[in-house]
Amino acid sequence: DGYPLTQATLYLATAPKSNSVMGLFDALKAVEQEQAEVPLHLRDNHRDKAFGDGAGYKYPHTYQEHWVAQQYLPNRLQGQVFYQPSDQGYEGQRQAEIWRRRDLQSALEMPDTPVIPLSASPQNRGRDRWLERTFSTSSEQLQKLRSRLFQTANLQRHHVVLDLNGKKGLLTSEALRQVPEGGVYVRANVNDFASLSAQFAHLSPLEKPQIFITELNNLATEVQQQFPGVRFDCAIGRNVLMGERDKAVAVQNIVRILSQKSRLVLVENIPRLGQRLSQWFTVEDLDAEVYERWQAAEEALYVDEHDPLLNWQPDDLIHLFEKQGCSVVAELEETETSLVCTASLLRRWLTPTEMPKPSYITRLASYLEQEEIGMIKWVLEKCCDRTLPWQGQQLWLTVERE
């Protein structure tokens, strides 16, 4: 037994050393200080499968290169970085790939993380759950989206770039890699500012992106005040305008901070054109008349003219940019993903909730009888722990400022 141990000892003794291992102490400190729970998808589903334990877990060895982006940290530790690969030796060779994978992992939404505000959950009022399925993403989809977006943007090394919706830093990180002689600015909201700042804390002051907080309807004024004289060669973003209440004002602000001959590349999910829950079923799954009334009720929910997430179509955004004197190339694309219908997700949909916004089942009750609501709840509950397909629509916009 001593011979292989000696081989291992000699190998480690002569191998290059890295101070990046010191991140261990930061990780230990975070674990000691945070009372954080293990994410649902990492829990043993043999223990409490009824509560969604294990649902949504991705087995890395079934994916290309035996790696897939998924979140391994508890919700409260998301965005914290403990391991900083150096630029020396093997770490240096792998550094760029490590950061790209980390970007994708950070960008993935956790199962318990709301995406858009439309219906509140009992567990977390003020956060919305109903349409999170419409924007569920996988690492493969995010990689394709990022690659296509930057190919369209066609950045030059000296460009000054604005990420209009920083969120988890997926686009920001790639922009930093592509414009080493330029600069990257990031518009963030209050919730994302701290995690974004931590994500890029390892960079030198000259390499870091300029992260600032502002609403889109005040973007031009804020940029002028914080960064006088800055004009952007390119702006990029994912779901920037989707939920904006005054899209016309937002578009005006975006165009105002772009330089002449600049380019804007946006990809926007369109909730109004997304799949409905009733499309998982047919008339054979429940009473035919109830099924038809369910479909009609859902259509009524998705055409709410007072909801900024639902009251727009692709042509609306195109016309807003054209009114600002821009040329626009638009492409509508179908998307297909899958959704793990966990017990907790079903509870959020099917628990009557009025405040701060009504839940899915509460909204349906405005159009259907209680007996019909009961039948719909019954068929939806049969989906528990099943992985189901979901179709949506994305709008790609390439805007040129003349």
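Proximity of D285 to W280: side-chain heavy atoms (C-beta onward) are nowhere separated by under 4.5 Å. Looking only at side-chain heavy atoms (C-beta outward), N154 and R263 come within less than 4.5 Å of each other. Contact of the P358 side chain with the T353 side chain is not registered, since no non-hydrogen atoms from C-beta on lie closer than 4.5 Å. Side-chain contact between P271 and M242 is present, with heavy atoms from C-beta onward closer than 4.5 Å. The shortest distance between side-chain heavy atoms of F150 and Q178 falls below 4.5 Å. The shortest distance between side-chain heavy atoms of E207 and L176 does not fall below 4.5 Å. Taking the side chain as every heavy atom from C-beta outward, D316 and I318 never approach each other to under 4.5 Å. Two residues are said to be in side-chain contact when any heavy atoms from C-beta on lie closer than 4.5 Å; R401 and L264 fail this criterion.
The closest donor-acceptor contact from the side chain of Q275 to the backbone of Q391 lies under 3.5 Å. When atom types are taken as modelled, the side chain of H159 and the backbone of L155 share no donor-acceptor pair closer than 3.5 angstrom. Proximity of a side-chain donor or acceptor of N165 to a complementary backbone N or O of N239 within less than 3.5 Å is detected. Judged by distance alone, the side chain of N269 and the main-chain N or O of Q394 form no donor-acceptor pair under 3.5 Å. Using modelled atom types, one side-chain atom of S195 and one backbone atom of D192 make a donor-acceptor pair closer than 3.5 Å. In this structure a side-chain-to-backbone donor-acceptor pair under 3.5 Å is missing from E268 to R238.
Across every non-hydrogen atom of G237 and L149, the tightest pair is O-CD1, 4.1 Å. Summarising the geometry of P209 relative to V186, their closest heavy-atom pair is CB-CG2, 3.8 Å, with the distance given to 0.1 Å. Looking at every heavy atom in both residues, L241 comes nearest to A250 through CD2-CB, 3.7 Å. A330 approaches L395 most closely through the heavy-atom pair CB-CD1, 4.1 Å. Nearest heavy atoms, T14 versus L10: OG1-O, 2.8 Å. Pairing each heavy atom of V161 with each of F232, the nearest pair is C-CD2, 3.9 Å.
Counting only N and O atoms by type, the side chains of Q226 and Y185 include no donor and acceptor under 3.5 Å apart. Side-chain contact of S262 with D233: a donor-acceptor pair under 3.5 Å is absent, judged by distance alone. For the residue pair E400/S327, the side-chain donor-acceptor check at 3.5 Å is not satisfied. Side-chain contact of Q7 with Y11: a donor-acceptor pair under 3.5 Å is absent, judged by distance alone. Inspection of the S359 and T362 side chains reveals an N or O donor paired with an N or O acceptor under 3.5 Å. Neither side chain, Q295 nor E299, offers a donor N or O lying under 3.5 Å from an acceptor on the other.
The distance from atom CG of L277 to atom CD of E298, rounded to the nearest 0.5 Å, is 5.0 Å. The distance from the CD atom of Q199 to the CD1 atom of I211 is 8.5 Å, given to the nearest 0.5 Å. Distance CG/L346 to NZ/K382: 13.0 Å, rounded to 0.5 Å. Distance check: T152 OG1 to E331 CD gives 9.0 Å after rounding to the nearest 0.5 Å. To the nearest 0.5 angstrom, D163 atom CG is 13.5 Å from Q210 atom CD. Distance check, rounded to the nearest 0.5 Å: CD of Q279 to CG of L388 gives 12.5 Å.
Around the CD atom of Q260, the shell of radius 6.0 Å holds more than 12 heavy atoms that belong to other residues, nucleotides or ligands. The environment of R148 atom CZ is dense: over 12 non-hydrogen atoms of other residues, nucleotides or ligands sit within 6.0 angstrom. A 6.0 Å sphere centred on CD of E371 holds no more than 12 heavy atoms belonging to other residues, nucleotides or ligands.
Looking at E215 and R187, no side-chain N of the basic residue comes within less than 4.0 Å of a carboxylate O on the acidic one, giving no salt bridge. Taking a cutoff of 4.0 Å between a charged side-chain nitrogen and a carboxylate oxygen, E244 and K247 do not qualify as a salt bridge. Remark: R272 engages E305 in a salt bridge, criterion side-chain N to carboxylate O under 4.0 Å.
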Test log, rule side chain to side chain contact (heavy atoms under 4.5 Å, CB included), inputs E222 and F227: CA-CA 8 Å; E222 196 68 29; F227 316 108; over 6 Å; no
Given the rule in the side chain to side chain contact (heavy atoms under 4.5 Å, CB included) test, do T6 and T9 qualify, once you have shown the distances and angles that lead to the verdict? CA-CA 5 Å; T6 301; T9 301; 5.6 Å; no
Starting from the C-alpha separation in whole Å, work towards a yes-or-no answer on side chain to side chain contact (heavy atoms under 4.5 Å, CB included) for L364 and Y360. CA-CA 6 Å; L364 280 186; Y360 173 72; 3.6 Å; yes
Between L266 and W396, does a side chain to side chain contact (heavy atoms under 4.5 Å, CB included) hold up when you go through it step by step? CA-CA 6 Å; L266 297 177; W396 285 82; over 6 Å; no
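Annotation: cation-pi pair R276/Y302 present, NZ/CZ under 6.0 Å from the ring centroid and within 45° of its normal.
The ring of Y367 has its center no closer than 6.0 angstrom to the ring center of W294.
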